[in-house]
Amino acid sequence: MIEQANEAIIRRVVNEAFNTGDLTVIDQVGTSDLCVHYPQAGTPLCGLEQVKRAFSRSRAAFPDAYFMTEESIASGDRVVNRWTGRATHTGTFWGIPPTGRQVTWTGVTIYRLAADKIAEIWIHADALSLLQQLDSTHTLGGSSV
């Protein structure tokens, strides 16, 4: 039963925050010390305000972003989503000026919940594919793509 409740919380975040840009839901379902682990960020983004700022920057670069959950698996306090994202690049992203290109990329996100709130998020996205679609010469991890 806890797994179903946890999956419902994650569906809400994906639908309301990621797909519509309504970040108020993060205040409602995130712990005050929520941490997002994203390899390209280097260090974890911790705290509701820092997390919302990061999501806002991404949403500004891809305002029509839509994430489709392809598969969701829940066990205990964890929910894992395999997803596909689609968006149009209309704002600066990782220093890359807007290209107007439509992009599609995939990833896996792991959520850890505590007391019915999201405490940690690990996002593993295919950033190389995303950058290649933007036809970028941006440097990722020390090598040019």
Legend entry - Asp27 atom CG, over 12 foreign heavy atoms within 6.0 Å: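 Correct, the count exceeds 12.
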Legend entry - For Ser56, side chain to side chain contact (heavy atoms under 4.5 Å, CB included) partners two or more places apart: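 Expected list: Leu23.
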Legend entry - Apart from Trp122 itself, residues in the same hydrophobic cluster as defined by side-chain heavy atoms under 4.5 Å: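 Members besides Trp122, by chain and number: Val80, Val108, Ile110.
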Legend entry - All salt bridge (Lys or Arg N to Asp or Glu O under 4.0 Å) counterparts of Glu16, not counting sequence neighbours: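 If we apply the salt bridge (Lys or Arg N to Asp or Glu O under 4.0 Å) test to Glu16, skipping adjacent residues, the hits are Arg12.
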Legend entry - Contacts of type salt bridge (Lys or Arg N to Asp or Glu O under 4.0 Å), residue Asp22, not counting sequence neighbours: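 Residues passing salt bridge (Lys or Arg N to Asp or Glu O under 4.0 Å) with Asp22: none at all.
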Inset, instruction - Determine whether the aromatic ring centres of Trp105 and Phe67 lie less than 6.0 Å apart. - result: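 Yes, the ring of Trp105 comes within the 6.0 Å limit of the ring of Phe67, centre to centre.
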Legend entry - Stepwise side-chain contact (heavy atoms from CB on, under 4.5 Å) check, Asn15 with Val25: CA-CA 10 Å; Asn15 291 331; Val25 71; over 6 Å; no
Inset, instruction - Could you walk me through whether Val79 and Ile118 pass the side-chain contact (heavy atoms from CB on, under 4.5 Å) test, one step at a time? - result: CA-CA 10 Å; Val79 176; Ile118 302 169; over 6 Å; no
Legend entry - All ring-ring contact (aromatic ring centres under 6.0 Å, His included) counterparts of Tyr38, not counting sequence neighbours: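 None.
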Legend entry - Partner residues of Tyr111 under the ring-ring contact (aromatic ring centres under 6.0 Å, His included) criterion, sequence neighbours left out: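 For Tyr111 there are no ring-ring contact (aromatic ring centres under 6.0 Å, His included) partners, ignoring immediate neighbours.
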Legend entry - Euclidean distance, Gln132 CD relative to Asp126 CG, rounded to 0.5 Å: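 Here the rounded value is 8.0 Å.
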Legend entry - Pairwise distance CD(Glu3) to CG(Asn6) - rounded to 0.5 angstrom: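 Interatomic distance, Glu3 CD to Asn6 CG, rounded to 0.5 Å: 7.0 Å.
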Inset, instruction - Could you pull out the closest heavy-atom pair between His124 and Pro39, with the gap in Å? - result: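 In terms of heavy atoms, the two residues are closest at ND1-CG, 4.0 Å.
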